[in-house]
Amino acid sequence: MAKPAREDETERTCVVTRRAGSPDDLIRFVLAPDGTVTPDLKRKLPGRGVWVTARAIEIAEAVKKRAFTRGFKAEAKARADLPALVDALLERDCLQTLSLANKAGAVVAGFAKIETAIAKGNVAGLIHARDGGADGIRKLGQALRRTGAGDETPQII
């Protein structure tokens with residue numbers, strides 16, 4: 001469920017659902033000079049933007065219903081695989097951000113080191129290995145709850 005925008009934030013409307021929300025919950029698309037729909041994840045590309053809820057199903061619906069043409073008020077060519085493209089771009093952006101944090105020394109790896117960081121309250125998020133054991137995931141979740149940060153600290157499994 002989309003969080004409501006604060007009074008000091010701008011609101012954008014999803015071209016598919018017609019619901020207003022915070023730009024953080026939506027993805028901006030712009031029209032390239034050749035008429036193709038281009039995702040603007042950083043929200044810095046020039047031109048009129050069309051906003052879609054940040055879910056693959058909504059992006060696919062925008063492509064299917066030709067909502068980009070309506071939103072841009074011009075002929076827009078949206079790739080059929082646009083949801084997959086956005087997913088790949090978001091994944092690449094997340095990995096680049098994680099790599100940058102790692103180079104800055106802000107990433108901790110290893111069960112004991114992570115447990116110590118949780119105890120000190122130095123954890124902003126927790127990413128579990130895909131092949132990590134359920135027991136380790138449970139133990140780290142318990143460590144987060146003991147410090148009171150269990151609900152506020154995002155965990156990706």
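Count residues from 1 along the sequence.
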For [Y], is there any backbone N or O sitting under 3.5 Å from a side-chain donor or acceptor partner on [X]?
| X | Y | result |
| --- | --- | --- |
| Thr53 | Arg55 | no |
| Arg43 | Pro23 | yes |
| Arg48 | Gly71 | yes |

Which residues share a salt bridge (charged side-chain N to carboxylate O under 4.0 Å, His left out) with [X], sequence neighbours left out:
| X | value |
| --- | --- |
| Lys77 | none |
| Asp87 | none |
| Arg146 | none |
| Arg19 | none |

Listed partners of [X] passing side-chain contact (heavy atoms from CB on, under 4.5 Å), at least two apart:
| X | result |
| --- | --- |
| Lys120 | Thr116, Asn122 |
| Val30 | Arg28, Thr38, Asp40, Leu45 |
| Leu100 | none |
| Ala101 | Ala106, Val107 |

**OP:** With sequence neighbours excluded, give me every ring-ring contact (aromatic ring centres under 6.0 Å, His included) pair touching residues 84-107.
**Re:** none
Subject >> Sequence neighbours excluded, every pair satisfying side chain to side chain donor-acceptor pair (under 3.5 Å) that has a member inside residues 88-110 >> reply: Lys42-Asp93
Subject >> Ile57, CD1 atom: more than 12 neighbouring heavy atoms under 6.0 Å >> reply: no
Subject >> Nonpolar side-chain network containing Val50, other nodes, edges under 4.5 Å >> reply: Val15, Val16, Ile27, Phe29, Leu31, Val37, Leu41, Val52, Ile59, Val63, Phe68, Phe72, Leu82, Leu85, Val86, Leu89, Leu90
**OP:** Any chance you could pull the hydrophobic cluster mates of Leu26, using side-chain heavy atoms under 4.5 angstrom and chaining through other members?
**Re:** Trp51
Original post:
Where do Arg138 and Arg145 come nearest, in terms of heavy atoms and distance?
Top reply: O-NH2, 4.3 Å
Subject >> CD1 on Ile118 to CG on Leu140, rounded to 0.5 Å >> reply: 5.0 Å
